[in-house]
Amino acid sequence: MEPVKNEGRQAPGYSVRQDGTKISDEQIKEWLMEALSGDGYAYGYRKLTVLLRRDHGLVINKKKSISPM
């Protein structure tokens, strides 16, 4: 029996700010790396999501994942 290949919708590669402008996932990765590199504070995905929403005005769905590399 052949394995079934499930193909869902491809991730768009961007997020949207509250004003409607598109921000690429690459820019978001840069912001996250800057936040993680400086202070040595422990960040989880929830804290990083709050940081992106608060500091950069992003609208982030709970299903959004950005691979680190």
Side-chain angles (χ1 to χ4, degrees):
M1 182 171 212
E2 278 185 49
V4 177
K5 186 175 179 184
N6 292 329
E7 292 186 23
R9 187 175 147 240
Q10 186 178 9
Y14 64 88
S15 287
V16 180
R17 281 193 170 163
Q18 292 174 353
D19 64 0
T21 59
K22 292 181 182 179
I23 304 295
S24 72
D25 283 349
E26 294 300 320
Q27 178 63 51
I28 295 170
K29 286 180 189 179
E30 287 181 29
W31 289 335
L32 292 174
M33 295 307 288
E34 287 174 9
L36 294 173
S37 67
D39 55 12
Y41 187 73
Y43 286 101
Y45 73 94
R46 290 184 184 189
K47 290 181 182 178
L48 291 172
T49 302
V50 169
L51 177 126
L52 290 173
R53 286 179 177 153
R54 183 188 63 216
D55 294 350
H56 300 289
L58 292 177
V59 177
I60 306 248
N61 187 308
K62 64 181 180 182
K63 299 176 192 175
K64 178 77 171 177
S65 68
I66 301 173
S67 60
M69 299 279 167

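Under the rule for a side-chain contact (heavy atoms from CB on, under 4.5 Å), the partners of D19 that lie at least two apart in sequence or sit in another chain are R17, T21. E34 meets the salt bridge (charged side-chain N to carboxylate O under 4.0 Å, His left out) test with no other residue; sequence neighbours excluded. In this view, Q27 and I23, S24, E30, W31 satisfy the side-chain contact (heavy atoms from CB on, under 4.5 Å) rule, not counting sequence neighbours. Residues passing the side-chain contact (heavy atoms from CB on, under 4.5 Å) test with Y45, sequence neighbours excluded: none. When the side-chain contact (heavy atoms from CB on, under 4.5 Å) test is applied to K22, the partners found at least two apart in sequence or on another chain are Y14.
L58 is not listed as a side-chain neighbour of T49, based on a closest heavy-atom distance of 4.5 Å or more.
Dense packing is recorded around CZ of R54, with more than 12 heavy atoms of other residues, nucleotides or ligands lying under 6.0 Å away.
Note on L48 and V50: separate hydrophobic clusters, where clusters join Ile, Leu, Val, Met, Phe, Trp and Tyr whose side-chain heavy atoms are under 4.5 Å apart, directly or indirectly. Under the 4.5 Å side-chain contact rule for hydrophobic residues, V59 and I28 do not share a cluster.
Closest heavy-atom contact between R53 and I60: NH2-O, 2.5 Å.
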